[in-house]
Amino acid sequence: MGCVHGKCCTRYPSSSDGDSGRRREKRPYKCKHILTQRSLELVPVPSHNFTLQFSVLTQHGYYPDTVERENQDSFCIKTQLQGNPNIHFFGVFDGHGQYGAECSNFVKDRLVERLANDTTLLDDPLKAYNSAFLATNSELHDSEIDDTMSGTTAITVLVVGDTLYVANVGDSRAVIAVKDGDRILAEDLSEDQTPFRKDEYERVKLCGARVLSVDQVEGLKDPNIQNWGDEYSQGGDPPRLWVPDGMYPGTAFTRSVGDSTAEKIGVIAVPEISVVRLTCNHLFFVVASDGVFEFLSSRTVVNMAAEYADPRDACAAIAGESYKLWLDNENRTDDITIIIVQIKGLSNVCPT
């Protein structure tokens, strides 16, 4: 989801595999998907004797009214952060607004640079992460980029040895695949930050935001009904944030980097950070923009990725399916970016 002037916010019922995470029979895929575009990359984590095997794909959205519009998604993969072979960074940045591409590219460069230069990173990753996001947000405000009505979401995963630090600002998402007997489960590593969440709704209201759907703003629905169900049942008219006396900015997220106007009504750059210690039951994780999750549930994405031995083909298949579902339900598509990181050889910790 994005601002009312940037990204469509339709929510289609999640594609369902009809089970509770049972893995479908893995087919021996040999051919390359037509969207596959990146080489397969591997990086060791010597402190715990395992390897990360990964790939990324970004697919430009289709916008029939503005065919020249550039891809506003960006990504950053930085291995051996600070020269340390046990620290690796993966991030996806989904820009929005007129200068969304400039914002996402600025943030993906400066955020990882901030982390790389923070001498406290290993001692206190949570503090370093918070500091990096807030400093990057200030730098964007002070830059030549006009972030008055533009900005970017950010979903990032920092691998430090056998621990993942997942920092999220906005409504892109990270999810991890967990082996559970003969099943593969999908566990979200982040929680979308939107007005559908009661805590985020109450926080931005206290900051002066009006929270209304477009239909409510236009007088087609009662603005006093402050209940929108959930993001999947609501369809294409989600709750958005508006200034008290104006018809802007209309953001459907409650946190971002940039968006200096929306910042005045509670849209903040403070990340929510989750910490996961990897075990042998963790198979891979996915970091993707909301263009992927608009029509695909976390479970469906994990089930699809699990069918491919090569993360390049998994990225391509998921991006292709997302693109198809966009066109099945809209006259356009969002930009789509996905990173899949497979965890190979981690066998020292296996909970029973």
Please determine whether the number of non-hydrogen atoms from other residues, nucleotides or ligands lying under 6.0 Å from atom CD of E144 exceeds 12.
no

Go through N71 and T58 one step at a time and tell me if the side chain to side chain donor-acceptor pair (under 3.5 Å) criterion holds.
CA-CA 9 Å; N71 188 346; T58 186; 2.9 Å; yes

When you compare the side chains of S298 and R173, does any donor N or O come within less than 3.5 Å of an acceptor on the partner?
yes

Which ILVMFWY residues can you reach from V107 by hopping between side chains whose heavy atoms are under 4.5 Å apart?
L81, I87, F89, F93, Y99, F106, L111, V112, L115, L121, L122, L126, Y129, F133, L140, I145, L158, V160, Y165, V169, V257, I273, V275

Without swapping roles, check the side chain of S47 against the backbone of G161 for a donor-acceptor pair under 3.5 Å.
no

Side chain of T261, backbone of T148: donor and acceptor closer than 3.5 Å?
yes

Taking only Lys NZ, Arg NE, NH1 and NH2, and the carboxylate oxygens of Asp or Glu, determine whether K205 and E202 approach each other closer than 4.0 Å.
no

For residues A306 and F284, report the shortest heavy-atom separation together with the two atoms involved.
N-CZ, 3.8 Å

Of all heavy-atom pairs linking A186 and V302, the shortest is CB-CG2, 3.6 Å

Check this for me: does any side-chain nitrogen of one of R69 and D335 sit under 4.0 Å from a carboxylate oxygen of the other?
yes

Can any side-chain N or O of N117 pair as donor or acceptor with the backbone N or O of T119 at less than 3.5 Å?
no

Salt bridge (Lys or Arg N to Asp or Glu O under 4.0 Å) assessment of E200 paired with R203:
CA-CA 5 Å; E200 287 292 280; R203 184 181 61 76; 2.9 Å; yes

Could you pull out the closest heavy-atom pair between V211 and Q226, with the gap in Å?
O-NE2, 3.0 Å

Begin with the C-alpha distance, continue with both residues' side-chain angles, and end with the deciding distance and a verdict on side chain to side chain contact (heavy atoms under 4.5 Å, CB included) for L296 and E321.
CA-CA 9 Å; L296 294 174; E321 180 68 8; 4.1 Å; yes

Heavy-atom check, side chain of V166 versus side chain of V276, under 4.5 Å
no

Locate the shortest heavy-atom distance separating A252 from P238; write the atom from each residue and the value.
CB-CG, 4.4 Å

Q80: side-chain contact (heavy atoms from CB on, under 4.5 Å) partners, not counting sequence neighbours
P85, H88

Within the 3.5 Å criterion, strictly below it, is a donor on S213 or D215 matched to an acceptor on the partner's side chain?
no

Heavy-atom closest pair, residues T279 and H282:
N-ND1, 2.9 Å

Distance, nearest 0.5 Å, that separates CZ of F285 from CD1 of I339:
8.5 Å

Residue pairs, two or more places apart or on separate chains, that pass salt bridge (charged side-chain N to carboxylate O under 4.0 Å, His left out) and touch residues 110-123
R110-E113, R110-E139, R114-E139

Please enumerate all residues that pass side-chain contact (heavy atoms from CB on, under 4.5 Å) together with D180, with sequence neighbours excluded.
R183, L185

The side chain to side chain donor-acceptor pair (under 3.5 Å) partners of N224 (sequence neighbours excluded) come to D222

Just verifying a value: how many Å separate K221 NZ and L212 CG, rounded to the nearest 0.5 Å?
12.0 Å

Among Ile, Leu, Val, Met, Phe, Trp and Tyr joined by side-chain contacts under 4.5 Å, find the other residues sharing a cluster with V270 and list them by chain and number.
L134, I268

Closest heavy-atom pair and its distance - G95, T152
N-OG1, 3.5 Å

